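Below you'll find the structure, written out as structure tokens, and then a few comments.
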Amino acid sequence: MPVYDLVDSPWLPLRPKGAKAPEEHSLREALIRAHEFDFFVLDLPTHAPALLRQVLLPVVMHALGRPRDRMEWARRFNAGRFTSEEQDKLRAYLEEHRTRFDLFDAEAPFAQVSGLHTAKHETKGSALLVATAASGNNVPLFASRTEGDPLPLTPSQAARWLLHAHCWDTAAIKSGAAGDPQVKAGKTTGNPTGPLGALGAIVPMGRSLYETLMLNIPIGVQPGDDLPQWARDPLGSAWDVRAATGLLDLWTWQARRIRLIPEETDDGTRVSRVVLCAGDRLEAIPEWEPHTAWSFQKTPKSTTGTLRRPQRHTPGKAAWRGLQALLASERQDGNGFETSVLLRQLAGLQAEDLIGFDYPLQVETIGITYGNQSAVVEDILFDSIPLPVSALRAEEDAYTVLLEVTEQAEDLAKAVNNLSADLRRAAGADPIPWDKGQRPGEFVLHALDPLVRRFLIGVRASADDADLLEQGRIAWEKLARHRTWEVAERLLSTATRGEFGGRTIEKDGRQLTYRLATAEQNFRRRLKAVLPRCTHAADDLVEDMASGASVLVARTS
């Protein structure tokens, strides 16, 4: 049996600060030198939370403990790196648990079950672990690669996809493991997706891997019985439905029973075959899950209270369009949102000046959309936005400004959609259905996207200056008006004689006339209502920008 020790073998692709290309590093190097790396450079963005939760964060937290209060967190964060004492503790911890970090150990392979097999000793191709590879129900009709084609993985690739499967694996039927009393007809049904598949992951990012690790560790007391999977007895083929005992248990949750089957090739050790069976199931996503925002809905009148669910990301929707959920620091009693534990923690730290209002925080939103009973991967969702720390506090001006800007962007898209609907009615056609085709408002949101992102950076740098914030809002409205008119003019320029003459229809006993002139007039009225600070004509925009009036938007481009 080959040996691949994750403690000292290179398997984590990290980009050193100032470098362009990533390099693979061992777990020991990644932690001891965490201040020297930007972050991971990975095949898919969904790997990042898997590696953080399944390995790096639990090692740091179990070896060094959680910060007991905000002052301790700030002290550790501002150090910018692990101290010599902390590095010694990390080395000792990894040495103590070294045998459990062997990927191919005969008795307790890392994050796997030794000797796992089905009743008929069947194995599957390693593509079963790879979310984007053709496998099972994921094989496209005209794919160049079939499920029968081998997909040899290097040990480092196999380790990363192993952890990815524990977090994001598809649901539905799994092969039944020999010795599992819940197997029926050689299969296990009713399997949910991996734990991260049930939520929209939100990961705060710092300027280095070290800062990112600290930003993702919640402050508080750690339960004494909470342990990562490598500090527990090795698992067998049987699985259970239970609640997580704490963060270490949740982060290293073994959602599947897996065995990697290594083989020696001319290119070295490769993994082309695996055994993947049902694993432990969470009773529910705990309310202290730190990497998701929450939505609240009032329950039916027959019951009391509110229904609290993890907030999912929407395909095709930029992260800034969900700022209402990201910035909702206060728990909602009725319908509404609550941001993640980690972002709420940052709001408290900023309130006590333990982290600067101008700290360059990035927030990554990551998720997977599943199809066909969650048995296939349809899409992988990822976005990254700069998020002003001061905007996490509802009493700050930055909070109000950002929510207003994102609402204005949505309203501008609606205004263009209404213009399109009025023009289509004037031509005798029905408006484009909201759930079919591409409505022109999407072009507005696409055009506004870079402006909103630049505005977020500007607010971060100027959150303590009310006058500068107001100048930035005026500049934003001018630019937003200009970009919106560019889309609207394309609609107006295609108008024909039919739209000019218009159509009169009867609705609810009233005569309604739709024509080009009234459609444009209504659009101008909506635009003025959405952008009340934009008092200059669009023709003045170029001159204003040249004179430097676009303080927050243009200065950060």
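These numbers come from a predicted model, not from an experiment. All values below come from the heavy atoms of this structure, side chains included, with hydrogens, waters and symmetry mates left out.
Between Arg76 and Glu211, no side-chain nitrogen of the basic residue sits less than 4.0 Å from a carboxylate oxygen of the acidic one, so the salt-bridge criterion is not met. One finds no salt bridge joining Arg439 and Glu442 here, because no Lys/Arg side-chain nitrogen approaches an Asp/Glu carboxylate oxygen to under 4.0 Å. A salt bridge is absent between Glu36 and Lys17: the closest approach of a Lys/Arg side-chain nitrogen to an acidic carboxylate oxygen does not fall below 4.0 angstrom. With respect to the salt-bridge test (charged N to carboxylate O, under 4.0 angstrom), the residues Arg473 and Glu477 do not qualify. Taking the charged nitrogens against the carboxylate oxygens, Asp180 and Arg257 have no contact shorter than 4.0 Å, which rules out a salt bridge. Salt-bridge check for Arg321 with Glu410: passed, with a basic side-chain N closer than 4.0 Å to an acidic carboxylate O. Using a 4.0 Å cut-off between a side-chain N of Lys or Arg and a carboxylate O of Asp or Glu, Arg308 and Glu338 qualify as a salt bridge.
Taking the six-membered ring where the residue is Trp, Phe37 and His25 present tilted rings, their angle falling between 30° and 60°. The aromatic rings of Trp230 and Phe101 lie tilted to each other, with the angle between the two planes from 30° to 60°.
Between Leu103 and Trp11, the closest side-chain pair of non-hydrogen atoms is not below 4.5 Å.
Shown here are the salt bridge (Lys or Arg N to Asp or Glu O under 4.0 Å) partners of Asp383, two or more places apart in sequence or in another chain: Arg453.
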Please set out all donor-acceptor pairs under 3.5 angstrom arising from side-chain atoms of residues 187-194, sequence neighbours excluded.
{"residue": "Asn191", "atom": "OD1", "partner": "Arg281", "partner atom": "NH2", "Å": "3.1"}
{"residue": "Asn191", "atom": "ND2", "partner": "Ala172", "partner atom": "O", "Å": "2.8"}
{"residue": "Asn191", "atom": "ND2", "partner": "Thr188", "partner atom": "O", "Å": "2.7"}

Check step by step if ring-ring contact (aromatic ring centres under 6.0 Å, His included) holds for Phe337 and Phe296.
CA-CA 6 Å; Phe337 304 98; Phe296 294 83; 8.7 Å; no

Would Val241 and Asp280 count as a side-chain contact (heavy atoms from CB on, under 4.5 Å) if you check the C-alpha gap in whole Å, the side-chain angles of each, and the deciding distance to 0.1 Å?
CA-CA 6 Å; Val241 181; Asp280 293 336; over 6 Å; no

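Residues Thr369 and Glu378 have side chains that never bring a donor and an acceptor to within less than 3.5 angstrom of each other.
Tested against His47 for a ring-ring contact (aromatic ring centres under 6.0 Å, His included), the candidates Trp161, Phe39, Trp168 yield a single pass: Trp161.
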